[in-house]
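Predicted, not measured: the structure shown is a model, and the values here were computed from it. Note on naming: letters A, B, ... go to the chains in the order of the sequence lines (proteins, then strands), and numbering restarts at 1 for each one.
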Amino acid sequence: MGKKKEKKKINEKVDVEAVEIEDDTWWWLTHKGIGATFLCISVFALLVRVAVSLHPYSGAGSPPKFGDYEAQRHWMEITLNLPVLEWYRNSTSNDLSYWGLDYPPLTAYQSYFHGLFLRFFDPDSVSLFTSRGYETYVGKLLMRWTVLSSDTLIFFPAIFYFAFVYHSSCHSSRKNDCAWHIAMLLLNPCLILIDHGHFQYNCISLGLTVAAIAAILSQRELLASCLFTLALSHKQMSVYYAPAFFSHLLGKCLRRKNPIHGVAKLGLTVLGTFTVVWWPYLHSTDALLGVLSRLAPFERGIYEDYVANFWCTSSVIIKWKRLFSVHSLKFISLTATVLTCLPSMVQQVMAPSSRGFLYGLLNSSFAFYLFSFQVHEKSILLPLLPASLLALEERRPFKWLMFYGLFSMFPLLCRDKLVLPYFALHALFMLLYLAPCGHGARPRNARPNNTKFDYFDSFKTFMNGFIYLSSLILHIVYLTMHPPEKFPYLFEAIIMLICFYQFAVFAFYTNVKQWSLLDHSTTDEEKKLI
Amino acid sequence: MESSSSTRQLLWFFAIAVCVKLLLIPAYHSTDFEVHRHWLALTHSLPLSNWYADETSPWTLDYPPFFACFERFLSIFAHYIDPQIVDLHNGLNYRANSAIYFLRISVILSDLWLLYGVCRLTKNADVKRRNLIWVLIVWSPALVMVDHLHFQYNGFLLGWLLLSISFLQEGKDLMGGFLFAVLLCFKHLFAVAAPVYFVYLLRHYCWKGLFRGFSRLSVLGAVVVAVFAAAYGPFLYHGQIQQVFNRMFPFGRGLCHAYWAPNFWVFYIILDKVFSFFLKKFGFSIQIPAASFTGGLVGDSSPFAVLPKISPSTTLIMVLLALSPCFIKAWTNPQPRMVARWIAYAYTCGFLFGWHVHEKASLHFVIPLAIVAVQSLEDAKHYFMLSIVSCYSLFPLLYEGQEYPIKVLLLLLHSILMWLGFSTKFTRASAPNTMVTAKKKGAQSKSIESSSPAAEKGGFTIGWVGKSYLLGLLLVEIWGQFLHPYLLGDKFPFVPLMLISTYCAFGIMYSWIWQLRWIISTT
């Protein structure tokens with residue numbers, strides 16, 4: 001019996017090997033199994049992160065406000081030196097107008113622990129008042145290491161969990177694909193540039209989200225809801241994913257014998273996690289409202305800078321800020337967001353599936369990015385995450401999205417003096433994407449064998465090529481030329497227009513794709529059997 | 001078709017490395033950066049006759065003329081980028097971004113020569129072997145640390161060496177000799193292998209009967225003389241030749257560098273210390289020279305308390321003695337396939353017994369050995385140890401906190417890649433000879449075998465001695481980095497470095513003995 005099984009296994013292996021015979025290039029990397037492959041790629045990814053962290057951070061040497069680096073350092077200073085209830089309250093010792101804490105409590109706790117670490121090695125860097133604008137060699141090093149350690153401790157294990165679940169569920173997936181996918185996930189240039197260059201801790205909330213997604217894929221809904229609640233309590237931007245989580249879990253519960261029971265269990269888990277995290281602020285409504293008002297900075301307007309979303313792009317023609325009050329804008333943007341989320345939510349409630357869930361995450365985060373209130377350039381990281389989780393299925397669109405995601409952050413990264421890492425990471429991503437014998441290099445069934453000349457298709461290719469080329473040229477123009485004095489933000493606006501167009505097309509495409517899952521759900525299963 | 005796709009793959013490996021190297025541009029660089037910048041300025045602003053006479057900066061030109069010409073070539077572009085880089089006086093200690101980017105990128109681009117060498121060496125190897133060699137050389141952590149962090153042009157120079165080896169392996173001895181002569185005119189430290197070249201070429205190329213042999217010898221001699229004439233002729237013409245040699249061979253320097261390279265002399269120094277300590281205990285009066293080695297500067301007086309003083313000629317004799325088995329082998333049985341081993345062995349001897357050896361010189365044998373590392377299981381095991389030890393011995397070069405994670409991760413990544421690569425290549429099922437004959441079948445059966453635990457037995461494993469030695473490496477690092485500063489504070493600041501070089505010296509000695517045994521035992 002055992003022998004038979006082994007023989008069968010061997011036969012299977014031979015089959016796989018027969019397919020891979022030309023993929024010898026990577027066989028040595030993948031033959032030890034997913035663990036060794038992951039270890040190898042993650043050490044490389046870590047090396048790249050450390051190398052990026054050598055470069056300047058946002059607001060380096062630019063008083064009086066500095067940048068995100070100073071904000072994070074300031075939060076460490078505040079959380080370390082003030083009692084918990086004072087963290088979000090304006091007072092003589094906590095000037096909220098100077099980088100006041102505006103993320104949920106988990107970020108504050110994280111700042112506290114990182115502050116302890118900083119105080120141990122360099123007490124001056126987090127002393128109250130006197131440490132404002134503290135910029136030293138050691139200080140920068142310690143701060144960078146806090147991000148690196150958060151990345152290693154949260155994001156990397158989460159990705160491993162996801163890769164393990166994702167690649168063990170579909171048995172046909174080849175080892176090379178798995179390695180390629182891990183590389184795509186861990187070497188996401190946007191995330192690396194923002195976290196280790198610009199300086200933020202997106203790796204924590206995104207890592208928690210990935211872990212939650214992996215938990216859902218492995219049917220552990222309670223764990224998933226707990227992890228996602230943690231992600232929400234770390235960065236409120238995680239709410240971009242909430243519709244997908246909500247609709248998928250709801251759809252699953254409705255399919256059970258006892259839907260109410262399922263929903264109640266999930267609800268209690270979410271509430272319980274929230275209670276634990278928010279405990280210090282639950283004693284009075286004032287405290288809670290104080291924190292909540294810090295999290296929703298409506299006074300900052302519907303958009304800032306030049307973000308490639310609907311409001312900012314359309315403001316070239318329609319001056320939203322002048323036409324509507326903040327209050328009505330809030331309402332309009334909320335309606336628009338909900339409306340765009342709705343199709344993908346309905347699909348998931350109707351037919352919850354793992355693939356559909358991943359598409360749902362992509363669609364809901366895109367809906368928020370394109371239509372919600374107060375979106376930042378950096379928020380493109382949120383749609384990029386589910387896109388990279390789907391990278392194996394959507395290879396070319398993924399590359400496309402990564403390219404324009406990076407491009408949309410180009411002006412921001414230029415301001416941070418991160419041009420060199422921008423190009424280096426961009427090239428690195430493309431190289432890994434096109435790895436020899438990997439899948440980027442020769443897409444499967446790239447072109448169906450029809451001899452008929454398709455006008456629409458060739459027009460599409462032409463348009464895409466044209467936009468791609470012009471964005472490459474724009475990179476150079478942006479770096480070398482000065483905009484005309486009349487329009488100082490001309491280049492930013494063009495970049496924004498191009499990116500918005502691409503994002504909108506992409507969001508439309510993925511919505512269609514998610515809905516088409518509904519029709520093909522049966523044929524897909526048949527395919528898997530074959 | 002086959003070769004173009006392999007070139008493309010090699011370029012891919014190289015491009016990945018380039019991306020990482022570009023990211024490392026703002027990292028720490030040693031004074032060697034200023035040395036090379038100054039040489040750019042010097043060769044750009046002074047006439048040839050003054051290159052070796054100039055004393056504007058303490059970093060006088062002390063590489064052979066071809067390297068000076070190389071700097072002259074680079075300085076043309078530097079002048080366009082930013083004239084201040086090549087300004088002899090205003091450029092001193094110039095550290096603007098333009099200078100840093102220019103010099104760093106010049107190193108990255110000069111690595112293309114190494115790439116060409118590797119490409120030529122591996123063009124006939126099978127896919128798996130080829131990929132492994134690329135990983136070992138193109139992604140070498142030691143090269144990244146020395147060239148792209150510390151700052152030097154070793155990749156470029158090693159490219160010449162690899163090219164020379166590739167010609168020798170093909171039996172094109174004249175070309176191999178020519179390239180080696182050129183290399184010597186780039187950096188004279190490579191001359192350690194010259195005796196091996198001499199013996200091998202004399203026997204393998206020239207020893208073909210009286211008339212043919214003599215004509216070949218004269219052709220070879222003419223080629224070498226022509227190369228040296230091209231390099232040194234202009235200085236001879238300007239009457240500068242004495243000055244050139246004074247600069248190139250500064251024997252005023254001591255036996256050991258400030259940081260001891262992990263070689264034989266480490267044991268000698270320690271033995272001396274131990275002797276003097278015990279003799280003192282027993283009541284002998286012994287004059288111990290004050291901090292003779294830890295200070296780094298050694299004057300004329302003997303730095304040893306008990307043991308005899310070592311002179312440069314002693315080291316030369318020792319190197320030649322250590323090389324003699326290799327001469328005998330090269331004479332009795334000159335085989336092209338052994339050339340890489342002999343050359344690497346020569347550099348190992350030079351490293352172990354040479355005068356004023358830098359720890360960076362370990363690159364000279366670690367990189368050529370990568371070519372033979374994939375030939376047998378024994379080679380792979382040896383290379384695994386040697387490569388880790390030599391890379392670790394370079395750690396003190398990058399002493400600042402910012403680069404600490406980089407060097408650790410580089411070594412870790414390299415070890416993991418080697419482990420994965422070697423253990424794929426050497427499972428029990430794939431004895432080297434079956435590999436070559438039945439490649440396709442072998443690949444299939446191997447994957448099956450490797451999945452069952454029994455097959456692992458004969459595969460790539462490190463014995464307990466090796467494992468405990470590598471573990472000791474970890475302990476040395478933990479002591480030096482964490483425990484020593486914590487327990488002893490600022491006392492004995494030289495101890496961690498001494499520990500590293502002593503501990504690594506054991507590994508290098510092992511490698512030397514292993515190579516020696518291999519050379520003697522193979523027929």
_I'd like to verify something: which residue of A/Val48, A/Leu431, A/Val50 has the highest number of heavy-atom pairs under 4.5 Å with chain B?_
A/Leu431
*Mind listing the closest non-hydrogen atom pair of A/Ala36 and B/Leu420 along with its distance?*
CB-CD2, 3.9 Å
*Checking A/Phe423 against chain B: side chain, backbone, both or neither under 4.5 Å from a heavy atom?*
neither
*asked:* Tell me the closest heavy-atom pair linking A/Leu141 and B/Gly401, and the distance in Å.
replied: CD2-C, 3.6 Å
*Taking atom NZ of A/Lys417 as the centre, does the number of heavy atoms from other residues, nucleotides or ligands within less than 6.0 Å exceed 12?*
no
*Which heavy atom in B/Leu23 sits nearest to a heavy atom in A/Leu54, and how many Å separate them?*
O-CD1, 4.1 Å
*Check whether B/Val408 gets within reach of chain A through its side chain, its backbone, both or neither, counting any heavy atom under 4.5 Å.*
neither
*Can you tell me if CZ on B/Arg95 sees more than 12 non-hydrogen neighbours from other groups inside 6.0 Å?*
no
*Who passes ring pair (Phe, Tyr, Trp, His ring centres under 6.0 Å) against B/Tyr28, sequence neighbours left out?*
B/Tyr399
_Pairs where residues 130-149 of chain B contributes a residue and the test ring-ring contact (aromatic ring centres under 6.0 Å, His included) is met, not counting sequence neighbours_ = B/Phe13-B/Trp134, B/Phe13-B/Trp139
*Examine whether an atom of B/Tyr101 lies under 4.5 Å from a heavy atom of chain A, and if so say whether it belongs to the side chain, the backbone or both; otherwise answer neither.*
side chain
*So which of A/Pro56, A/Ala427, A/Ala424 has the largest heavy-atom pair count under 4.5 angstrom toward chain B?*
A/Ala424
*So which part of B/Leu132 gets closer than 4.5 Å to some heavy atom of chain A, the side chain, the backbone, both or neither?*
neither
*If you take all heavy atoms of A/Val43 and B/Ile416, which pair is closest and at what distance?*
CG2-CD1, 3.8 Å
*Taking the side chain as every heavy atom from C-beta outward, state whether A/Phe44 and B/Ile16 have any atom pair closer than 4.5 Å.*
yes
*Would you mind checking which part of A/Leu432 comes under 4.5 Å of any heavy atom in chain B, side chain (CB onward), backbone (N, CA, C, O), both or neither?*
both
_A/Phe120 atom CZ, over 12 foreign heavy atoms within 6.0 Å_ = no
*asked:* Within the structure provided, determine whether A/Lys140 and B/Gln402 are in side-chain contact (heavy-atom separation under 4.5 Å).
replied: yes
*To the nearest 0.5 angstrom, please state how far the CZ atom of A/Arg49 sits from the CD1 atom of B/Ile406.*
14.5 Å
*What residue in B/Ala27, B/Pro405, B/Gly421 has the most heavy-atom pairs under 4.5 Å with chain A?*
B/Pro405
*asked:* Is the shortest side-chain heavy-atom distance between A/Leu425 and B/Cys19 below 4.5 Å?
replied: no
*Enter the distance from A/Leu39:CG to B/Leu412:CG here, rounded to the nearest 0.5 Å.*
7.0 Å
*Grab the two heavy atoms, one from B/Val20 and one from A/Leu47, that are nearest each other, plus how far apart they are.*
CG1-CD2, 4.3 Å
